[in-house]
Amino acid sequence: MKRILMMVLRNLFFVPGAWIKLCRYAANPDRYPEEERYAHLKKIVEHANKGGNIDVVVTGQENFPEKGGFVMYPNHQGMYDVLAIVHACPQPLSVVAKQEVKDVPFLKQVFACMKAFTIDRDDIKQSLQVILNVIKEVNAGRNYIIFPEGTRSRNGNHTLEFKGGSFKASTKSRTPIVPIAMMDTYKAFDTGSIKKLTVQVHVLKPMYYEEYKDMSTVEIAAEVRRRIDETIAANGGW
């Protein structure tokens, strides 16, 4: 967490006002337009990256669908992943996060500001309700991040198995699937280093409903993982 401390110390004049505003949004998100809340999150991420010596290299930004809701499926490396995607994505987004992080300071406020859902992987009924909520939200035009591995890989840029159930939000809503290949994001918060860091976010071409409608969720999961692994390998991640 040394890098987080460095982010704060290098932004001492920015942090108090930004924190107060974030908490205000988090306490009453429905009072403020989503675009306004998301713009503030992007500003926080911009300052955090600068203070933390992190450069985010984004490719394929044009692959984000311009209209309608969609779901992003990135590989999961660490707590910095969501911030990297916020940096990369111009449209407002939210996230489905595991229950264990819902009370982590700062992340708690960020997720509340985004109106994120937290999922209890040990509670099938609660998990199903979260997916139903995401389907409703995506159909209404909102964008979500779902980590199909379910947990951090803890193995550098190597991915874990992608779970088919993660893709039900897309198959049921018939909305675009956007694979995202993350590289070296684990080095931001999950190591003790504070050296200058470059992370990569590769936004891959979306899979539209016509492409995946005849595939099972397990087949979709395998295909999305294949595309992400292929991108990571092609960019020197292995």
Side-chain angles (χ1 to χ4, degrees), residues 56-66 68-91 93-98 117 119 121 127-128 130-131 134-135 138 143-188 190 197-238:
V56 184
V57 176
V58 182
T59 67
Q61 195 173 46
E62 70 280 1
N63 289 324
F64 286 118
E66 294 183 3
F70 58 87
V71 183
M72 294 156 272
Y73 292 93
N75 56 310
H76 194 11
Q77 296 193 353
M79 291 189 295
Y80 180 74
D81 292 351
V82 172
L83 302 185
I85 297 174
V86 168
H87 172 91
C89 186
Q91 297 105 309
L93 57 83
S94 191
V95 63
V96 176
K98 60 184 180 180
F117 291 113
I119 194 166
R121 292 171 293 181
S127 300
L128 177 59
V130 168
I131 295 300
V134 172
I135 291 169
V138 174
N143 310 313
Y144 272 84
I145 301 169
I146 296 178
F147 293 103
E149 290 162 291
T151 189
R152 288 174 283 176
S153 70
R154 300 186 185 278
N155 191 21
N157 290 317
H158 293 272
T159 62
L160 300 175
E161 180 184 359
F162 282 23
K163 296 175 172 58
S166 303
F167 293 86
K168 288 183 179 179
S170 293
T171 58
K172 297 295 185 182
S173 61
R174 301 185 177 187
T175 47
I177 290 169
V178 182
I180 297 182
M182 313 282 285
M183 294 177 59
D184 293 335
T185 53
Y186 70 95
K187 295 179 181 178
D190 295 68
L197 173 64
T198 298
V199 305
Q200 299 179 44
V201 180
H202 299 277
V203 185
L204 310 186
K205 290 183 178 180
M207 294 176 64
Y208 290 96
Y209 180 67
E210 287 301 314
E211 179 180 353
Y212 68 74
K213 66 179 182 179
D214 296 323
M215 300 169 66
S216 70
T217 54
V218 172
E219 290 172 331
I220 295 170
E223 176 59 18
V224 170
R225 183 186 184 187
R226 184 193 68 78
R227 295 183 187 190
I228 289 174
D229 282 345
E230 190 177 82
T231 301
I232 291 172
N235 286 277
W238 296 349

Would you confirm whether D81, through its side chain, and G78, through its main-chain N or O, come within 3.5 Å as a donor-acceptor pair? yes
Mind checking the OH-CD1 spacing from Y209 to I177? Nearest 0.5 Å is all I need. 11.0 Å
Between S173 (side chain only) and I135 (backbone N and O only), is there a donor and an acceptor less than 3.5 Å apart? no
Can you find a heavy atom in the side chain of P65 that is under 4.5 Å from one in the side chain of V178? yes
How long is the straight-line distance from CE of M207 back to CD1 of I220, given to the nearest 0.5 Å? 6.0 Å
Can S170 and Y212 be counted as having a side-chain donor-acceptor contact under 3.5 angstrom? no
Any chance you could measure Q91, atom CD, to F70, atom CZ, to the nearest 0.5 Å? 4.5 Å
Please check this pair: side chain of R225 against backbone of L160, looking for a donor-acceptor N/O pair closer than 3.5 Å. yes
Taking CD in E66 as the centre, count heavy atoms belonging to other residues, nucleotides or ligands within less than 6.0 Å. Is the count above 12? no
Heavy-atom closest pair, residues F167 and V224: CE2-CG2, 3.7 Å
Quick one, V201 and H87 - any side-chain contact, counting heavy atoms below 4.5 Å? no
Please lay out, stage by stage, how I119 and S127 fare under the test side-chain contact (heavy atoms from CB on, under 4.5 Å). CA-CA 6 Å; I119 194 166; S127 300; 3.5 Å; yes
Side chains of I85 and P74: does their closest heavy-atom pair fall under 4.5 Å? yes
Just wondering, more than 12 heavy atoms not from K98 lying within 6.0 Å of its NZ? yes
Kindly check if the number of other-residue, nucleotide or ligand heavy atoms within 6.0 Å of NZ (K163) is above 12? yes
Residues in ring pair (Phe, Tyr, Trp, His ring centres under 6.0 Å) with F162, at least two apart? none
Identified side chain to side chain donor-acceptor pair (under 3.5 Å) partner of T185 from the options H76, Q200, Q77: Q77
Is it true that, when you exclude E161 itself, more than 12 heavy atoms of the residues, nucleotides or ligands shown sit nearer than 6.0 Å to its CD? no
Begin with the C-alpha distance, continue with both residues' side-chain angles, and end with the deciding distance and a verdict on side-chain contact (heavy atoms from CB on, under 4.5 Å) for V95 and F147. CA-CA 9 Å; V95 63; F147 293 103; 4.2 Å; yes
Any side-chain heavy atom of I180 within less than 4.5 Å of one from I145? no
Heavy-atom side-chain proximity of F64 to N143 below 4.5 angstrom: no
When rounded to the nearest 0.5 angstrom, what is the spacing between CD in E223 and CD in E211? 7.0 Å
Rounded to the nearest 0.5 Å, how far does CE of M79 lie from OH of Y186? 15.5 Å
Look at R227 together with E230 and state whether they make a salt bridge at an N to O cut-off of under 4.0 Å. no
Using a 4.5 Å cut-off on heavy atoms from C-beta on, say whether the side chain of Y144 contacts that of F117. yes
Within 6.0 angstrom of R174 CZ, more than 12 heavy atoms from elsewhere: no
To the closest 0.5 Å, what do you measure between CG (L204) and OG1 (T231)? 4.0 Å
Just so I know, are the side chains of L128 and K168 near enough to count as touching, which here means a heavy-atom distance under 4.5 Å? no
4.5 Å side-chain heavy-atom contact, D184 and N157: yes
